[in-house]
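Here the structure comes first, spelled out in structure tokens, and everything after it is commentary.
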Amino acid sequence: GSEAASEHGQEEEEAEDRLKEHMDTLLDKSAKARQAALQGLRLALSSRTLSEFLLERRLTLTDSLEKCLKKGKGEEQALAGSVLTLLCLQMGSGPEGEEVFRSLKPLLVSVLTDSTASPSARQSCATALGMCCYIAAADLE
């Protein structure tokens, strides 16, 4: 029993270390590196519950996603929208999820209404806006 628990704890720690690396890489100058980090985050957030880990780091991750949405192009923006949707799902309908949504909502609307943004980025931001609004918006309108 204790060996399995120890292995599970080690796996959790390794997964958290990989997540920290992905979050750090979101600030990289290379668009390819940022996209790879976003793909890693998307996979991690869609495959396990990480609420505790994310609670402590939601502001850092939100800031990084904001930069990816603002400065990124096409694929990077689309991936950032996907990661944001998963982040909202992980945060849930409490104040933390609402805070994440409220801080990025204007940027999502901006990408969505930008006719020069790629269709995949606009679609991803539309999905993020809808899902996050459904999950985390306190204001019914």
Side-chain angles (χ1 to χ4, degrees), residues 2-141:
S2 65
E3 280 183 33
S6 173
E7 272 185 43
H8 181 69
Q10 190 173 358
E11 285 176 22
E12 288 287 315
E13 199 172 301
E14 288 172 10
E16 287 183 4
D17 288 344
R18 281 194 305 276
L19 281 170
K20 288 174 191 170
E21 283 177 34
H22 291 319
M23 289 172 67
D24 290 342
T25 306
L26 288 179
L27 303 174
D28 201 284
K29 288 186 179 188
S30 162
K32 288 237 182 281
R34 290 192 308 269
Q35 286 178 14
L38 287 165
Q39 288 170 336
L41 284 168
R42 183 176 64 182
L43 180 65
L45 294 177
S46 62
S47 61
R48 62 188 336 154
T49 303
L50 299 159
S51 318
E52 292 296 316
F53 175 85
L54 292 170
L55 268 177
E56 301 166 11
R57 296 166 181 83
R58 71 182 183 282
L59 297 177
T60 304
L61 185 52
T62 302
D63 287 347
S64 297
L65 290 173
E66 181 178 345
K67 287 180 178 104
C68 290
L69 285 168
K70 274 185 184 173
K71 297 180 175 150
K73 299 285 179 237
E75 181 68 15
E76 184 177 348
Q77 288 177 313
L79 286 166
S82 298
V83 172
L84 175 59
T85 301
L86 293 166
L87 178 61
C88 263
L89 281 167
Q90 293 265 353
M91 290 292 98
S93 60
E96 295 85 6
E98 185 184 336
E99 178 186 9
V100 168
F101 173 60
R102 192 175 49 242
S103 67
L104 289 177
K105 180 184 169 195
L107 196 49
L108 289 171
V109 171
S110 171
V111 174
L112 178 61
T113 57
D114 179 1
S115 61
T116 63
S118 79
S120 64
R122 294 175 73 185
Q123 181 269 325
S124 180
C125 287
T127 301
L129 192 61
M131 287 296 290
C132 293
C133 189
Y134 179 72
I135 294 164
D139 181 7
L140 292 177
E141 290 190 35

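If you're wondering where the values come from, they're calculated on a predicted model, not measured in any experiment. Positions are given from 1, in the same order as the sequence printed here.
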More than 12 heavy atoms of other residues, nucleotides or ligands under 6.0 Å from CD of Glu14: yes or no?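 Enclosed: over 12 neighbouring heavy atoms sit under 6.0 Å from CD of Glu14.
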
Neighbour count >12 (heavy atoms, 6.0 Å) for atom CE, Met23: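 Yes, because the 6.0 Å sphere around CE of Met23 holds more than 12 heavy atoms from other groups.
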
For [X] and [Y], which heavy atoms make the closest approach, and how far apart are they?
X	Y	result
Leu50	Ala44	CD1-O, 3.7 Å
Ala136	Gly92	CB-O, 4.1 Å
Ala128	Leu108	CB-CD2, 4.0 Å
Cys125	Val111	SG-CG1, 3.5 Å
Leu69	Gln77	O-NE2, 2.8 Å
Arg122	Ala117	CD-O, 3.6 Å

Would you find a donor on one side and an acceptor on the other, under 3.5 Å apart, between the side chain of [X] and the backbone of [Y]?
X	Y	result
Arg102	Glu99	no
Ser110	Pro106	no
Arg34	Lys29	yes
Gln90	Arg48	yes

Polar side chain donor-acceptor pair, Ser120 to Ser118, under 3.5 angstrom: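 There is such a pair between these side chains.
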
Glu21 and Thr25: side chain donor to acceptor below 3.5 Å: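 Distance-only check fails for Glu21 and Thr25.
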
State, with a plain yes or no, whether a side-chain heavy atom of Leu79 is found less than 4.5 Å away from one of Ser124.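 No - every pair of side-chain heavy atoms lies 4.5 Å or more apart.
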
Heavy-atom check, side chain of Glu76 versus side chain of Leu38, under 4.5 Å: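 Yes, their side chains come closer than 4.5 Å.
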
Rounded distance (nearest 0.5 Å) linking atom OG1 of Thr85 with atom CZ of Phe101: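 Reported value, rounded in 0.5 Å steps: 10.5 Å.
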
Ile135, Leu86, Leu54, Thr62 screened by side-chain contact (heavy atoms from CB on, under 4.5 Å) with Met91, the one that passes: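 The option that passes is Leu54.
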
Hey, which of Leu87, Val100, Leu84 is the one that makes side-chain contact (heavy atoms from CB on, under 4.5 Å) with Leu61?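 Output: one option passes, namely Leu87.
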
So, using salt bridge (Lys or Arg N to Asp or Glu O under 4.0 Å) as the criterion, who are the partners of Glu66 when residues are at least two apart?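 Expected list: Lys70.
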
Would you call Glu16 and Arg57 a salt bridge, using N to O less than 4.0 angstrom?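 No, this pair does not count.
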
